[in-house]
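Okay, structure first, notes after.
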Amino acid sequence: MSPSTQQGRGVVFVDGIRTPFGKAGAKGIYADSRADDLVVKAIRELLRRNPQLPAERIDEVAIAATTQTGDQGLTIGRTSAILAGLPETVPGFAIDRMCAGAMTAVTTTASGIGFGQYDVVIAGGVEHMGRHPMGQGADPNPRFLADKLVDPSALVMGNTAENLHDRFPSITKDRTDAYAVASQNRYDAAKKAGFIADTLVPVATRAENGWGLATEDEPPRPGTTIEDLAALKTPFRPAGRITAGNAAGLNDGATACILAGEDTAAELGLPVGMRMVGFAFQGVDPAVMGIGPVPATEKLLARTGLKIEDIGLFEINEAFAVQVLAFLEHFGIADDDPRVNQWGGAIACGHPLASSGVRLMTQLSRQFAQNPDVRYGLTTMCIGLGMGGTVIWENPNHADYQAGAK
């Protein structure tokens, strides 16, 4: 079926790229690399891959970071544009919606395109969790706890994931561990098939022992077994269910993408990876923030007139396995449904907070090219402090795409 959306200008995802994701910390590949330089590398690679886009036609650069300080501060969208060598006429700004920063950079600038105020934008995100741990320097208002506005567990993401297990007793640790192993396996298969490499830009790195070149993700653990995960500690609760194996780690990395008006893409000869159908964000109880993708998706399905059965591919951010399984269980989707995270997810490749939304989109656009029989796909993620975000996209390779455009 064709979705019912407000009349406006079509917005397309042209191309996306990311740096390899590293492990945060002194031994990670980006320990001595700057966050803004990671963004610059992604922007320059986008322009290299799309030489038909004149740099002066870029109307905005929106870059997200959760911890906006140091080399992730100073209005990083503008500083990244300057450092990447874009004309001084190209403006930029910074954005923060925690894990959904890059997703919000996309939806915000896409809205400007749809309203006719932008033609082409670059949107993305970065997180250097080694240099800037989540929450570093934050000063939460004491009224959050004193006035009992949120449960104390709401400020620790691992605790919120344990709370979600409490809400869904059918989602056992065995299930989450099995899902985590499957994520590692799917990622490894996609990597061996060459699918992951196509989404990465190599990054020169510096360390105490000299220069290096990051060409692949650092976090994956191929060959992980359920027995391996069963032996891990549960740091957030004695005899809990959340471990380092069934959750995303602490990571460094950056993403960026090109969005354009459908007419501008045709004018410039830019490729169309997918077209935006709609997006929605929704707030939930911060103590169970992982449930956020459920109401966000329900809200968006209602807006567009689509049904969950119309979605042929899902890219769900794997902050925690329990959060993904809660989404699947709600919509009656099997844990091992082949439409879900075909190339694995953040449990395997990492989750540098504000950057991850564009990773999901980049992978979905390439999966669309491999699956022309699929018309609609979905990217969704849970968001710290109790939110969810969902974007639905249409596949330009589907036979009904042009019919839907009329």
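- Side-chain contact between R9 and I113: present, with at least one pair of heavy atoms (C-beta onward) separated by less than 4.5 Å.
- The SG atom of C349 sits 6.0 Å away from the CD atom of Q363 when rounded to the nearest 0.5 Å.
- Of the inter-residue distances, the one linking I258 atom CD1 with F13 atom CZ reads 9.0 Å to the nearest 0.5 angstrom.
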Please tabulate, one pair per line, all N/O donor-acceptor pairs under 3.5 Å involving side-chain atoms of residues 23-31, not counting sequence neighbours.
unit_1: Y30; atom_1: OH; unit_2: P20; atom_2: O; d: 2.7

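- Identified under the ring-ring contact (aromatic ring centres under 6.0 Å, His included) test for residues 128-183, with sequence neighbours left out: none.
- Between T225 and D228, the side chains place a donor N or O and an acceptor N or O closer than 3.5 Å (distance only, hydrogens not considered).
- Partners of P133 by side chain to side chain contact (heavy atoms under 4.5 Å, CB included), not counting sequence neighbours, listed by chain and number: Q136.
- Distance CZ/F327 to CG/N317: 12.5 Å, rounded to 0.5 Å.
- Between the side chains of D151 and S153, at least one donor N or O lies within less than 3.5 Å of an accepting N or O.
- Under a 3.5 Å cut-off, the side chain of D252 and the backbone N or O of G130 do form a donor-acceptor pair.
- When atom types are taken as modelled, the side chain of Q72 and the backbone of A65 share no donor-acceptor pair closer than 3.5 angstrom.
- Crowding of L301 atom CG: a count of heavy atoms from other residues, nucleotides or ligands under 6.0 Å exceeding 12.
- The closest side-chain heavy-atom distance from L149 to R143 is below 4.5 Å.
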Stepwise, does the side-chain contact (heavy atoms from CB on, under 4.5 Å) test hold for E267 with D263?
-> CA-CA 6 Å; E267 172 200 344; D263 54 341; over 6 Å; no
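- Within the 4.5 Å cutoff, the side chain of L325 has heavy atoms near those of the D335 side chain.
- When atom types are taken as modelled, the side chain of T380 and the backbone of G389 share a donor-acceptor pair closer than 3.5 angstrom.
- What you find for V203 and L38 is that their closest heavy atoms are CG1-CD2, 4.0 Å.
- Judged by distance alone, with hydrogens and angles left aside, the side-chain atoms of D188 form no donor-acceptor pair with the main-chain N or O of P222 at under 3.5 Å.
- When every heavy atom of I58 is checked against every heavy atom of L86, the shortest pair comes out as CD1-CD2, 4.1 Å.
- Pairs engaging residues 192-230 under the ring-ring contact (aromatic ring centres under 6.0 Å, His included) rule: F195-W343 [sequence neighbours left out].
- A salt bridge does not link K41 with E45: none of the charged nitrogens is closer than 4.0 Å to a carboxylate oxygen.
- Annotation: the span from I242 atom CD1 to L232 atom CG amounts to 12.0 Å, rounded to 0.5 Å.
- A distance-only check finds a donor-acceptor pair linking the side chain of S183 to the backbone of G345 [under 3.5 Å].
- The two residues V374 and F368 come nearest to each other via the heavy atoms CG1-CE2, 4.0 Å.
- Contacts of D166 classified as salt bridge (charged side-chain N to carboxylate O under 4.0 Å, His left out), with partners at least two apart in sequence or in another chain: R237, R241.
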Determine, stepwise, if the pair V121 / V61 fulfils side-chain contact (heavy atoms from CB on, under 4.5 Å).
-> CA-CA 6 Å; V121 303; V61 176; over 6 Å; no
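- Counting heavy atoms from C-beta on, the side chains of K299 and F281 never come closer than 4.5 Å.
- No donor-acceptor pair closer than 3.5 Å links the side chain of N159 to the backbone N or O of V156.
- Considering only heavy atoms from C-beta on, M274 comes within 4.5 Å of S365 through its side chain.
- With values rounded to the nearest 0.5 angstrom, T109 atom OG1 is found 7.0 Å from Y118 atom OH.
- Distance alone, capped at 3.5 Å, is enough to place a donor-acceptor pair between the N341 side chain and the I316 backbone.
- Remark: the backbone N or O of M98 is paired with a side-chain donor or acceptor of T66 at under 3.5 angstrom.
- Distance alone, capped at 3.5 Å, is enough to place a donor-acceptor pair between the N395 side chain and the N397 backbone.
- With sequence neighbours excluded, no residue satisfies side-chain hydrogen bond (donor to acceptor under 3.5 Å, both in side chains) with T362.
- Within the structure, every pair that satisfies the salt bridge (charged side-chain N to carboxylate O under 4.0 Å, His left out) test and touches residues 314-332, not counting sequence neighbours, is listed here: R175-E329.
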Given the rule in the side-chain contact (heavy atoms from CB on, under 4.5 Å) test, do I333 and F314 qualify, once you have shown the distances and angles that lead to the verdict?
-> CA-CA 11 Å; I333 301 170; F314 295 81; 3.8 Å; yes
Extract all donor-acceptor atom pairs below 3.5 Å that involve side chains of residues 286-298 and protein atoms in other chains or at least two apart in sequence.
unit_1: T297; atom_1: OG1; unit_2: P293; atom_2: O; d: 2.7
unit_1: T297; atom_1: OG1; unit_2: T390; atom_2: OG1; d: 2.9
unit_1: E298; atom_1: OE2; unit_2: H330; atom_2: NE2; d: 2.6

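- With contacts defined as side-chain heavy-atom distances shorter than 4.5 Å, the pair V106/M103 does not qualify.
- Judged by distance alone, with hydrogens and angles left aside, the side-chain atoms of E262 form no donor-acceptor pair with the main-chain N or O of V12 at under 3.5 Å.
- Identified under the side-chain hydrogen bond (donor to acceptor under 3.5 Å, both in side chains) test for residues 73-96, with sequence neighbours left out: none.
- Looking at heavy atoms from C-beta onward, L268 lies in side-chain contact with T264 at the 4.5 angstrom threshold.
- For residues 349-366, the pairs satisfying salt bridge (charged side-chain N to carboxylate O under 4.0 Å, His left out) are D15-R366, D198-R366, with sequence neighbours left out.
- Here W393 contributes atom CH2 and M276 contributes atom CE; the two are 3.5 Å apart, rounded to the nearest 0.5 Å.
- Scanning both residues, V126 and A254, for their nearest heavy atoms gives CG2-CB, 3.7 Å.
- Between I347 and N246 the shortest heavy-atom distance is CD1-O, 3.8 Å.
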Going through the distances and angles, do V324 and L328 end up as a side-chain contact (heavy atoms from CB on, under 4.5 Å)?
-> CA-CA 6 Å; V324 178; L328 299 181; 4.2 Å; yes
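- Pairs of residues two or more places apart, or lying in two chains, that qualify as salt bridge (charged side-chain N to carboxylate O under 4.0 Å, His left out) and include a residue from residues 121-134 are D71-R131.
- Here the side chains of R97 and M387 are in contact, with some heavy-atom distance below 4.5 Å.
- Within the structure, side-chain hydrogen bond (donor to acceptor under 3.5 Å, both in side chains) contacts touching residues 214-224 (residues at least two apart or in different chains) are R18-D217, Y187-D217, K191-E216.
- Taking both residues in full, the closest heavy atoms of A94 and I76 are given as CB-N, 3.9 Å, listed atom of the first, atom of the second, then distance.
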Under the salt bridge (Lys or Arg N to Asp or Glu O under 4.0 Å) criterion, do D285 and R167 qualify, and how do the steps go?
-> CA-CA 12 Å; D285 178 357; R167 296 281 185 97; 3.5 Å; yes
